[in-house]
Structure formats: structure tokens, C-alpha cells
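Everything on this sheet refers to the single structure shown next.
Chain naming here is simple, since letters A, B, ... match the order of the sequence lines and numbering starts at 1 in each.
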Number of protein chains: 4
Amino acid sequence: MSTPPSRRKPRTDAERNRARVLEAARALFAEQGYDVQMSEVARAAEVGVGTLYRHFPTRQALIEAAAEHRSGELLAFARETCLATPDGLARFLGHIGEVLARDRGMSEAIETAMGSTEPQGETRTALQAVAGELIERGQAEGVIRPDVTVADVNMIVCGLAAVIRNAAGDWRRYIEITLNGLHPR
Amino acid sequence: MSTPPSRRKPRTDAERNRARVLEAARALFAEQGYDVQMSEVARAAEVGVGTLYRHFPTRQALIEAAAEHRSGELLAFARETCLATPDGLARFLGHIGEVLARDRGMSEAIETAMGSTEPQGETRTALQAVAGELIERGQAEGVIRPDVTVADVNMIVCGLAAVIRNAAGDWRRYIEITLNGLHPR
Amino acid sequence: MSTPPSRRKPRTDAERNRARVLEAARALFAEQGYDVQMSEVARAAEVGVGTLYRHFPTRQALIEAAAEHRSGELLAFARETCLATPDGLARFLGHIGEVLARDRGMSEAIETAMGSTEPQGETRTALQAVAGELIERGQAEGVIRPDVTVADVNMIVCGLAAVIRNAAGDWRRYIEITLNGLHPR
Amino acid sequence: MSTPPSRRKPRTDAERNRARVLEAARALFAEQGYDVQMSEVARAAEVGVGTLYRHFPTRQALIEAAAEHRSGELLAFARETCLATPDGLARFLGHIGEVLARDRGMSEAIETAMGSTEPQGETRTALQAVAGELIERGQAEGVIRPDVTVADVNMIVCGLAAVIRNAAGDWRRYIEITLNGLHPR
DNA sequence: TATGAATGAGGCTTCATTCAT
DNA sequence: AATGAATGAAGCCTCATTCAT
């Protein structure tokens, strides 16, 4: 006798909202780091806090999701561009620098992740694999010391993040030096 | 508008209490970083919060005092030991690593300081001077690239702090690599 | 960094809660003046402090809201009743006396406001206008000296507040005397 | 074998300290009202807080002592000058105005005192007596209504204090009006 | 008797998270 | 599913008063 059958958007709406929140979060995190209030994110996403929490049950979850997103972009770039170049690792680090320089939150996340001993998400695993690949190629080319490992690159990236986050000098120079440190001889 | 009395413990010498607080703070900061409550520091020092605030009017003041203390130790070591060695810079970085590895708070402070554009305290200035000296000597010995500056070392230290703080690998290896990066050729 | 959950009481309509808080605040302020803790107000309103702060972001904001409320009542009375009477000013002062005698907070607010040189809210401005009107009428009737101004009435009210707040005698008598002082001759 | 017999000042020193404290307190209270920290008073008196507390066991006690001092001055003036004049009450109020205008703390104290139902100190009692005397003289001269009592003057003074403390207009005008209100007719 | 270091109970405000609507 | 009001545990800092020296 009532309730017209109009349906077919709930799922879509939900998805859309999730995306809005994530986008807003990324923008805010990029600008200010992770020290942002949940309510602020919700406001920026033009969504209620409740909705935010529906999609990301925890502050931490949101942060991770935002980081994961960026990591995905990073992975894509690494695969598409760095693997196709002779100086792949340099390209890789350079790109990471660019990203971190534009995304403060990411520089916070990277450090944390580098040190984390947790299961590692898919993306991060893949990223590590690419890094390994880049190292191997460099070694084959003779531009990277044979004893260099992914762990070494991780450390360098961790340091890079700190350098950028604290504006502690010219990060390109930092990359140049560390890269030089990875060179044979 | 008033405060009922209470009993507790005899009053010690003022300086002694200041020292107690500082010591307690340093211990806690070393273990957990600066994210420690003032009341926790007071409790660890077996002192009322009021006493803590008497000696360090602000959370920040306490943190700075603790950091200054460590910086002083660092400076002393740098002057006494590093300046007297041919591989001074390596010694210097190695020692910093040891210190940061045992003092999480310090690793947080160092990063912040590296990026800070503030006046710089006496100790830090002196530390920079020693670093410069070490670089010059290394350059004279031919073990450091002629274009290396104090800023470069600062960046490396900033990165080192992050690596250690996040347990992102073997920090000695990080030093080895970056030092290698500073080598000529 | 997080807050464990807890249970308590269903959420009511927002406006209703705002009103509850305001009401509780007014009651407490009326009884004890403004020297009341925020948590006490919250408790009286059967609301969490957070809720209180949601509606009134600052202690001062709450105080002002409470005062504004009373001022509104005052203005209404002044317009409706005092302007319709020959002895308007007497009625006005008498009513203020009644109000202040029942609301200690208000007597504190009035004094402060009298001395304040700030922009003046709408209500207060309107109140001043009514006072001016009442003075003029009294002057027309010949029961108020021609040199009397709103500033004079303000002073008298300021004094009235003090007299009432400190229970320094019979405030009706105070009004009688000052009113007499405003009489010609 | 030791301890030379030099004595004969402790008492004097103590008295001197008491005076210093009181003087410092009065100066500070006059300027800022009673919202001054005990330690600030002690510092201004160049004395330890302990000494301050030895002489004035309580914040309140200090405040009262300071007020008592001023009241004494007031009483002296009232007796010496006001009682010797035909327009004594006017002189009296005028002088109180001058005093309060220069001593914020006093304006706070007066109000409180006016409302207080406590035993009343000697000075205050004497002051009341003088006020009564002044009233009676005025009544004899025919410049004060026969129904005026000391309580009336108290109220007026209480109001005067508020007017001055809040800079709520021209207090001389306030006196003029209230004095006029006490006039016969 | 003088000193001032020590004490700790508050007081204001913030913010991650929950939950009634 | 969305909303945003509600919650209350912290956390920083102040200051009247006490008490060992």
C-alpha cells in the first residue's frame, strides 16, 4: 500500500561515500600529516562522523587506507616506469621523494611501515619485490654493490622520509649521497 | 579556592630534586619517546607534579632540558674522542647511533632539531662546528668527498634517527652505506 | 590516544539538551554566581561535559548565553510593562531588583557589562534605548530631572547590583533613594 | 666558647617584615584587586612565602589586614576632616570615592564588608559611628532627610564601590545623585 | 624566625568513538 | 545506511598552603 520500489543506489551511495572520505582524508593528511581530527575529515568529506566510522572503523584504519592508496600509485609507477629504465632505483627513489614531498602524511606512514614487523599488505609486498628487482638490475648493470638488499633500500627510504618531513636539507642531495653509497667501489 | 593538606615525604635539597626529575624524565623519554605524561614523570621521580613544574615550567622545557643534557654528552664525546681519530666522522656517526639506539626521545629530538630553523642553542652550534671539523679532516685525508658539507651530515643523521627509531633495519649498515656515499669516487 | 567505551543514557533531541544545559547553568549561576565548575553544570544538566562544550564552546560562552537569556526577559518586561506606565523608570528599576535578587549571576554580569566598553549586544542596546525612553517620559512628566541620562541610570543599576549581591541592606530602599535623587528639586 | 651575645632584633625584624608584607600587599591589591597570588605578594615584599604566612595565616587574613589598614586611614580622615565640616557626609562620600578610585582592592573589600553580617571590627564599627554622626548633623542642618540611616549610607557606598570598580560612569555624579536622594523634599 | 621547595587537588578543554534516530 | 549529538577519559597547568631546613 506504500513504499515505492525505488532502489538501486544504497551500494553505490555507500561506495561513493567511502571514496569521498578517503579522498578528503588523503588531502588533509597530505597537507597536515596524520594529526587531524576525525571530525575534520568527516567535515571535509561532507559526511557525518558516523559514516566515516562505518567505512573505517578506526582512526588507524583510515590512515592505513589512505596510505595504501598512495602505495598503490607508487607501485604502479614503479612497475610502469622504473622497471623500464636502466637507472631504475634512482628513478624509484626520486619518485618516492616527489611523493613524500607532497604528502606529509605519507612520509609519516612510510617510516612507521618501514619499522613495522607486521604481516605486510599486498601492495607493500609487491613494492618490496619491485625494489628487489630494481636492485638486481642495478647489480647486473654494475651500478649497485652486490651486497645491497631490499632492507638497505628500506632504510634509505625511511631516512628519506625523515629528511623530507623535517625539511632537513635538500632531499635530492640525500638521495644522491645514499645512491652513491650503494655504488660499487 | 583552597587545598586541604596532606602528608608524604621530607623535602630534599632542591637541586637534588631537579636532578631526580630530569633523570626520571630522561629515563622515560629514552624508553618511550616524548609521548609521556607529566604526571608519569613526576611519579617516576617520586615527586609531586607541582615540583616538576617548579623546575620545568613547561612540558616543552622539560623535554628540551633532557635533550640538552644528552647533547652535552654527545658534544663531549665528539670533542674528546672523534677529533682525536683519523676516521672521526665514522666514529661520530657510530656514537650517535649508539646514543639514539638507547634513547628514543633523543631520536625524536634530533629529527625535529635538524629541521628547525630556530636560533640553535650553544651546544648544537658547537656540535655543528665539530661536525664541520670532522668533515674537513676527512677531506684532508681524502676519505670524504670535497663537496660534502655539514648540511649533508645533518641529513644523514636525521635519517639515521628515523632508521633507529623505527627499527627499520640495521642502523650500522645505514651508516656504512651513507658514509660510503660520502667517499670520493 | 583512544578512549574505552561506556554506557549511560539515550540521546535526546539536540535542542532539548542545549536547553537543559542552559537551564541548569542558569539555575546554578542564579544561586551561586558564575563561580561554578563546568563539570558541575554538566552534572546538574545530567549531561556529559562534552555535550556541554558542544553547545557552548567555552565557559565564557555559557555565561554569556545565560546572561543573554535573562536580558531578553528583562527587555520584554521593560517594553511590555514599563513603557506602558507613568512611573516607568521606577517599575524598571524595581523589576531589575527583583530579577537580580533571584539571580546572583545576573548581578555579577550586570556590573561587568556596565563597565564594559565593548560593542554591546543587540539586547543590551535595546535595553539602553528603553531606558532612554523611560527617562524622557519621566522628564516629560516632570518626575525626573532634565539633566538625567542613560549613563546615570546605568550607574544606579550597577550600584543596585552590588547592593543586592552583597545583601547590603534593603535594595528597595536603595532604589527609593536613588530615584529620589533623580527627581527635580 | 662561641655564640656572641648579639641579640635584640628578632622582634623588630619580625615587625619590620610584617610591615613590608602588608605594604607590598596593599600596593598590589590597590593596583590589581585581590586577584593576586600569595607568592607574588611575597616576592614584592622581598620575603619568603613562609614569612608571609607566619604573619598572615591565610590569604583571607592578609586581605583583611590590608583592608583594615585603609579603613583606619579612612576613619582618621572622617574624624579629622568630615566631622569638622557642615557638609560632612558629602565630604565623606567624596573622600571614599577618591580612595576607592585609587585602590581597586578596597572597592572589592568594601562591597563584601557592607554585606557581611560578621562581628565587625573595631574600625568598621567606629566608621559606622562617624557615619551616623554625619547623618545626624546633616539632619540637624536640614540637608538630610530625617529617615536616613547608616544602613542607607552603607548601601550607597556599596553601590559607589561597584560604580568605581567597573568604571561604570562618572562616580562623582553618582554621589551627587544619591546625595540628592538623601535630601529632604 | 625565615625561607622557598614541595605538594596535589582541582579546573578547563579536547577528541576518538559510540549509538539513538 | 547515514547522521551527528553525546560521552567521558585524559592531559596540561595553577596556586594556596605546608613543612624541612
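- Distance from the side chain of Tyr53(B) is smallest to dT14(F) among dT18(E), dT14(F), dT3(E).
- In this structure, Asn17(D) and Pro57(C) both approach DNA chain E, and ranking their closest nucleotides by distance from the 5' end singles out Asn17(D).
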Verdict with reasoning, Met106(C) to Arg26(C), per side chain to side chain contact (heavy atoms under 4.5 Å, CB included): CA-CA 9 Å; Met106(C) 206 48 197; Arg26(C) 271 191 296 131; over 6 Å; no
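- Note: CZ (Arg16(C)) to P (dT21(E)) measures 12 Å, nearest angstrom.
- Across dA2(F), dT13(E), dC12(F), the shortest atom-to-atom separation from the side chain of Ala14(A) is found for dA2(F).
- A distance-only check finds a donor-acceptor pair linking the side chain of Glu108(C) to the backbone of Tyr34(C) [under 3.5 Å].
- Between Asp103(A) atom CG and Phe29(A) atom CZ the span is 10.0 Å, to the nearest 0.5 Å.
- Note that CD of Glu111(D) is 4.0 Å distant from CZ of Arg165(D), once rounded to the nearest 0.5 Å.
- Atom NE2 in His55(A) sits about 12 Å away from atom C1' in dT3(F), given to the nearest Å.
- Between dT7(E), dC13(F), dT18(F), one nucleotide has an atom nearer to the side chain of Thr51(B) than all others, and that is dT7(E).
- The side chain of Arg59(C) approaches dT13(E) more closely than any other nucleotide in the set dT13(E), dA16(E), dG4(F).
- In this structure, Arg43(C) places its CZ atom 19 Å from P of dA6(F), rounding to the nearest Å.
- The nearest whole Å value for the distance from the CZ atom in Arg54(D) to the P atom in dT21(F) is 18 Å.
- Atom pair Phe56(B):CZ and dC12(F):P shows a separation of 16 Å (rounding to whole Å applied).
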Pair Arg20(D)-Val47(D), side chain to side chain contact (heavy atoms under 4.5 Å, CB included): steps then yes or no: CA-CA 8 Å; Arg20(D) 280 168 77 101; Val47(D) 153; 4.3 Å; yes
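- Toward the 5' end of DNA chain F, the nearer of the two residues Arg18(C) and Gly50(B), judged by each one's closest nucleotide, is Arg18(C).
- The ring pair (Phe, Tyr, Trp, His ring centres under 6.0 Å) test applied to Phe56(D) returns no partner, not counting sequence neighbours.
- Annotation: of the two residues near DNA chain F, Ser39(B) and Gly48(C), the 5′-most nearest-nucleotide partner is Gly48(C).
- For the pair Glu15(B) CD and dA6(E) C1', the computed distance is 14 Å after rounding to whole Å.
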Working for side chain to side chain contact (heavy atoms under 4.5 Å, CB included), residues Leu22(C) and Leu62(C): CA-CA 7 Å; Leu22(C) 196 52; Leu62(C) 177 59; 4.3 Å; yes
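- Straight-line distance from the CD atom of Glu40(C) to the P atom of dG10(E): 12 Å, rounded to whole Å.
- Between the side chain of Arg43(B) and the main chain of Met38(B), no donor-acceptor pair closer than 3.5 Å is present.
- Across all their heavy atoms, Leu28(B) and Val41(B) have their closest contact at CD1-CA, 3.7 Å.
- Of the residues in residues 30-38 of chain A, Gln37(A), Met38(A) come within less than 4.0 Å of DNA chain E through at least one heavy atom, sorted by number.
- A straight line from CG of Leu52(D) to C1' of dT18(F) spans 14 Å, rounded to a whole angstrom.
- No more than 12 heavy-atom neighbours from other residues, nucleotides or ligands sit within 6.0 angstrom of CD on Glu23(D).
- Counting only Watson-Crick and G-U wobble pairs whose two distances sit under 3.5 Å, DNA chain F takes part in these stems of three or more pairs: E:2-21 with F:2-21.
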